[in-house]
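Residue indices begin at 1 and follow the sequence shown.
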Amino acid sequence: MRIVSRYIRRMPADISCQQFCKGVTRAISRHYWLRFPKQRMAEHPEERLTASAVIYSRRRHEVWLVGDCHCLIGNQYYDNPKPYEQPLAEMRAQKVREMLNAGVSQHDLLQSHDPAREVMIPTMLENMKNQNVTYAVIDGFPIPQQLVPVITLNFQPWDIVLASDGYPFLEPTLAATEARLEEQRQNDPLNIGHFKATKAFVEGNNSFDDRSYIRFQV
């Protein structure tokens, strides 16, 4: 995250999405050469420094979804989920239901150690071999441009919300988005119902994943 943030602060204002993907990849790759064996990173994607970024280019009137992030542009919702995320969430949800039926308490399943999550970890690690093959991430390896949605805006005024996938539901305001998240935590802290995730709300936490939200007008 820090490497990507530093690159964004320094990159040219008129940079294209393709140039951004190449430049931020070089920034991560240089970090590998300094600290990690590059060959090991190639063979073990689960050990790579990995991030997503949703970017608005003011010069180009575009929004770029690099990795699993999402946005609201006016009333239109866009996202770019990992292709394996939902099957993994379904796998975990099935295991959670089996454990609940076997007498394991919800309290036990909401501790920092999630035994149901362990069921999907081998499949998740196997699927990570498809990073920048079937889905895009920022990880120091070439990003296939066809896997990065680019949303072009016209010159009318727009309300834009950019967010990470730690918010399962996006609303036009942060307060409304946080309220939807809290509603999810209260009604289904295990994330196995209408909304399924690969993680639960660990007891004592008010979220199940990282949260970033920014709203602005152009």
Counting C-beta onward and ignoring hydrogens, is there a side-chain heavy-atom pair between [X] and [Y] closer than 4.5 Å?
X	Y	result
Asn132	Pro144	yes
Pro115	Met99	yes
Gln145	Cys21	yes
Leu109	Glu203	no
Val218	Arg58	no
Cys71	Ile151	yes
Lys129	His44	no

Worksheet item: So Gln39 and Glu43, side chain to side chain donor-acceptor pair (under 3.5 Å) or not? Walk me through it.
Response: CA-CA 6 Å; Gln39 185 60 34; Glu43 295 171 356; 2.9 Å; yes
Would you say [Y] and [X] are linked by a side-chain donor-acceptor pair, where the criterion is simply a distance under 3.5 Å?
X	Y	value
Gln111	His113	no
Asn191	Gln184	yes
Gln94	Glu90	no

Linking I/L/V/M/F/W/Y whenever their side-chain heavy atoms sit closer than 4.5 Å, directly or via other members, would [X] and [Y] fall into one cluster?
X	Y	value
Leu181	Val161	yes
Val4	Ile143	yes
Ile15	Ile55	yes
Phe201	Tyr213	yes
Ile214	Ile160	yes

Quick one: pull up [atom1] in [X] and [atom2] in [Y] and give me the separation to the nearest 0.5 Å.
X	Y	atom1	atom2	result
Thr25	Ile138	OG1	CD1	7.5 Å
Thr134	Tyr84	OG1	OH	9.0 Å
Asp114	Asp108	CG	CG	11.0 Å
Thr152	Asn154	OG1	CG	10.0 Å
Asp188	Lys196	CG	NZ	8.5 Å
Lys38	Met41	NZ	CE	10.5 Å

State, to 0.1 Å, how close [X] and [Y] come at their nearest heavy-atom pair, and which atoms those are.
X	Y	value
Gln19	Ser16	OE1-N, 2.9 Å
Ala13	Arg59	O-CG, 3.4 Å
Gly166	Ser207	O-OG, 4.1 Å
Phe208	Pro168	CE2-CD, 3.9 Å
Pro189	Leu110	O-CD2, 3.7 Å
Gly140	Ser29	O-CB, 3.7 Å

Discussion item. Between Lys199 and Asp209, does the salt bridge (charged side-chain N to carboxylate O under 4.0 Å, His left out) criterion hold? Intermediate values first, please.
Written reply: CA-CA 8 Å; Lys199 303 173 187 174; Asp209 207 346; 3.5 Å; yes
Worksheet item: How would you list, by chain and number, every residue that makes a side-chain hydrogen bond (donor to acceptor under 3.5 Å, both in side chains) with Asn187, sequence neighbours excluded?
Response: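 For Asn187 there are no side-chain hydrogen bond (donor to acceptor under 3.5 Å, both in side chains) partners, ignoring immediate neighbours.
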Item to complete: Any chance you could lay out the side chain to side chain donor-acceptor pair (under 3.5 Å) test for Asp68 and Ser52, step after step, and finish with the verdict?
Response: CA-CA 6 Å; Asp68 56 343; Ser52 299; 2.7 Å; yes
Practice prompt. Begin from the C-alpha positions of Tyr135 and Asn80 and carry the test side chain to side chain contact (heavy atoms under 4.5 Å, CB included) through to its verdict.
Written response: CA-CA 9 Å; Tyr135 66 95; Asn80 190 34; over 6 Å; no
Discussion item. Ile73 and side chain to side chain contact (heavy atoms under 4.5 Å, CB included): which single residue from Leu162, Val63, Asp159 fits?
Written reply: Val63
Worksheet item: Would Glu126 and Thr123 count as a side chain to side chain donor-acceptor pair (under 3.5 Å) if you check the C-alpha gap in whole Å, the side-chain angles of each, and the deciding distance to 0.1 Å?
Response: CA-CA 5 Å; Glu126 185 65 24; Thr123 305; over 6 Å; no
Worksheet item: Does NZ or CZ of Arg48 fall inside the cone over Phe141's six-membered ring, less than 6.0 Å from its centre and within 45° of the axis?
Response: yes
Practice prompt. For the pair Ser164 (side chain) and Cys69 (backbone), establish whether a donor and an acceptor sit closer than 3.5 Å, ignoring hydrogens and angles.
Written response: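 Judged by distance alone, no pair lies under 3.5 Å.
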Worksheet item: Counting distance only, does the side-chain N/O of Arg60 pair as donor-acceptor with the main-chain N or O of Asp14 below 3.5 Å?
Response: yes
Item to complete: Check the pair Val148, Leu65 against side chain to side chain contact (heavy atoms under 4.5 Å, CB included), reporting the backbone distance first and the verdict last.
Response: CA-CA 6 Å; Val148 180; Leu65 298 171; 5.6 Å; no
Practice prompt. Take Arg92 and Lys95 through the test side chain to side chain contact (heavy atoms under 4.5 Å, CB included) and record every step on the way to the result.
Written response: CA-CA 5 Å; Arg92 178 185 159 272; Lys95 183 62 178 179; 5.7 Å; no
Worksheet item: Just one of Trp64, Trp158, Phe20, Phe216 clears the ring-ring contact (aromatic ring centres under 6.0 Å, His included) bar with Tyr56, so which one?
Response: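 Exactly one option meets the ring-ring contact (aromatic ring centres under 6.0 Å, His included) with Tyr56, and it is Phe216.
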Worksheet item: Is there a side chain to side chain contact (heavy atoms under 4.5 Å, CB included) between Thr198 and Met124 once you walk through the steps?
Response: CA-CA 10 Å; Thr198 58; Met124 183 177 72; 5.8 Å; no
Practice prompt. Please work out whether the ring planes of Tyr77 and His70 are parallel, tilted or perpendicular, with thresholds of 30° and 60°.
Written response: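 Taking His70 first and then Tyr77, their aromatic rings stand perpendicular (interplane angle over 60°).
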Discussion item. Once you measure the plane-to-plane angle for Phe36 and His31, does it fall in the parallel (<30°), tilted (30-60°) or perpendicular (>60°) bin?
Written reply: tilted
Item to complete: Begin with the C-alpha distance, continue with both residues' side-chain angles, and end with the deciding distance and a verdict on side chain to side chain donor-acceptor pair (under 3.5 Å) for Glu178 and Tyr167.
Response: CA-CA 8 Å; Glu178 285 280 352; Tyr167 286 111; 2.6 Å; yes
